[in-house]
Chemist: 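One structure, pasted below without further comment.
We use all heavy atoms of the structure for the numbers below, so side chains are in, but hydrogens, waters and symmetry mates are not.
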Amino acid sequence: MRVATWNVNSIRARVGRVTDWLQRADVDVLAMQEIKCKDAQFPHEPFEAAGYEVATHGLSQWNGVAFASRIGLADVELDFPGMPGFGKPLPDGSLPLEARAMAVTVGDDVRLWSLYVPNGRELDNPHYPYKLEWLDRLADVAQRWLGDHEGGALAMMGDWNIAPLDEDVWDLRAFEGATHVSEPEREAFRRFEGLGLADVVRPLVPTGYTYWDYKQLRFPRNEGMRIDFVLGSPGFQDAVTGAAIERDERKGDAPSDHVPVVVDLELDSPLDDDRPMIF
DNA sequence: ATGTCGCTTTGAAAGCGA
């Protein structure tokens with residue numbers, strides 16, 4: 001099984017690139033972030049023509065997450081319990097929820113999240129405490145799931161908008177006083193690791209960025225950031241056989257500012273265990 | 001060079017978010 005995560009920065013602007021890559025890279029399941037459209041605007045046809053079924057969670061021109069799968073797509077869950085909102089309070093006093101998280105079950109029994117973690121904007125912006133709260137409530141949900149599914153295969157993948165290590169940005173000096181590298185953000189990320197969720201890509205792909213800003217020739221200068229991650233449970237980690245960061249997808253016409261991150265899995269199917277050997 | 005992109009409201013250009 002080959003799964004991937006990709007912040008596509010508008011699926012409508014890039015659907016051809018995405019479906020072409022899915023087929024070329026032989027990907028079974030793709031978690032997308034920043035689809036930047038409402039559910040009704042999502043271009044289903046190109047995915048179906050390529051053999052993928054799609055589940056989307058898009059509320060407006062901002063954010064939005066989705067899955068495409070050619071190995072099944074079940075138990076779709078939007079948002080997560082306790083997820084904070086952001087913006088202008090609604091009549092009932094609550095804050096509007098943004099489309100930043102969804103989970104699905106694929107293949108035999110692999111639980112996957114597509115996550116678009118809030119950006120944070122600046123350290124003194126209300127978006128920053130929102131980001132930290134959002135991550136903490138998400139970690140609560142992960143912790144509960146891990147407690148309830150010992151040995152289960154879970155991956156939380158997406159655009160985490162955090163550079164966990166100093167080498168995950170091209171120059172730490174350019175990030176003084178900025179989001180993505182602050183200690184509270186890194187601490188929030190480490191909480192997931194403390195729960196037993198590990199970055200399954202880094203051991204196999206030790207270096208490389210996943211995002212380069214469109215501005216200031218960041219890609220030609222290779223001034224990027226590593227902020228897209230696949231965090232897997234122990235049961236998921238055991239199945240990983242390979243990983244890749246698809247840097248070439250930042251090249252050419254109308255690329256996203258992020259590139260796909262790919263993980264290969266070899267899962268023992270319970271069916272295989274029960275099946276008698278016939279040869 | 002604040003070396004960009006995508007979406008929206010608007011009806012060409014500006015604001016917003018990243």
Chemist: With rounding to the closest Å, how many angstrom separate the P atoms on B:dC7 and B:dG3?
Modeler: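 Their P atoms lie roughly 22 Å apart.
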Chemist: Using a 4.0 Å heavy-atom cut-off, does A:Arg250 contact any base of the nucleic acid, only the sugar-phosphate backbone, or nothing at all?
Modeler: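 If one applies the 4.0 Å heavy-atom cut-off, A:Arg250 turns out to touch nothing in the nucleic acid.
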Chemist: Does A:Arg14 use its side chain to pair, donor to acceptor, with the backbone of A:Val8 at less than 3.5 Å?
Modeler: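 Flag set: sc A:Arg14 to bb A:Val8 pair under 3.5 Å.
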Chemist: Looking only at the side chain of A:Gln61 (C-beta and beyond, no hydrogens), which of the listed nucleotides B:dG3, B:dT8, B:dG6 gets closest?
Modeler: B:dT8
Chemist: Under the side chain to side chain contact (heavy atoms under 4.5 Å, CB included) test against A:Trp212, which residue among A:His258, A:Met225, A:Arg250 passes?
Modeler: A:Arg250
Chemist: When you compare the side chains of A:Glu34 and A:Ser10, does any donor N or O come within less than 3.5 Å of an acceptor on the partner?
Modeler: no
Chemist: Rounded to the Å, how far apart are A:Leu59 CG and B:dC7 P?
Modeler: 17 Å
Chemist: Start at the 5' end of DNA chain B and walk down; is the nucleotide closest to A:Pro255 or to A:Asn7 reached first?
Modeler: A:Pro255
Chemist: At under 4.0 Å between heavy atoms, what does A:Phe219 touch on the DNA or RNA strands: base, sugar-phosphate, or nothing?
Modeler: nothing
Chemist: Would you say a side-chain N or O of A:Arg12 is under 4.0 Å from OP1 or OP2 of B:dC5?
Modeler: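 Checking A:Arg12 against B:dC5: no side-chain N or O falls below 4.0 Å of OP1 or OP2.
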Chemist: Near DNA chain B, which residues from residues 165-184 of chain A have a heavy atom under 4.0 Å away?
Modeler: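 Those residues: none at all.
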Chemist: Toward the 5' end of DNA chain B, which comes first, A:Tyr211 or A:Ile11, by nearest nucleotide?
Modeler: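 The residue closer to the strand's 5' end, by nearest nucleotide, is A:Ile11.
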Chemist: May I ask you to check whether A:Asn9 and A:Tyr214 show a side-chain donor-acceptor distance below 3.5 Å?
Modeler: yes
Chemist: Between A:Arg221 and B:dG3, does any side-chain N or O lie under 4.0 Å from OP1 or OP2?
Modeler: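 For B:dG3, neither OP1 nor OP2 has a side-chain N or O of A:Arg221 closer than 4.0 Å.
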Chemist: For the side chain of A:Gln216, counting heavy atoms from C-beta on, which of B:dG17, B:dA18, B:dG3 is nearest?
Modeler: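 Closest of the options to the side chain of A:Gln216: B:dG3.
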Chemist: It should be established whether A:Ser10 places a side-chain nitrogen or oxygen under 4.0 Å from OP1 or OP2 of nucleotide B:dC5.
Modeler: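 For A:Ser10, the contact criterion (side-chain N or O under 4.0 Å from OP1 or OP2 of B:dC5) is not met.
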Chemist: Side chains of A:Ser256 and A:Tyr211: closer than 4.5 Å at any heavy-atom pair?
Modeler: no
Chemist: Is the shortest side-chain N/O distance from A:Arg218 to OP1 or OP2 of B:dC5 below 4.0 Å?
Modeler: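 A:Arg218 to B:dC5 OP1/OP2: no side-chain N or O under 4.0 Å.
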Chemist: A:Ala13 side chain: which of B:dA18, B:dC7, B:dT8 is closest?
Modeler: B:dC7
Chemist: In whole angstrom, give me the gap between the P atoms of B:dA18 and B:dT2.
Modeler: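 That atom pair is separated by 23 Å.
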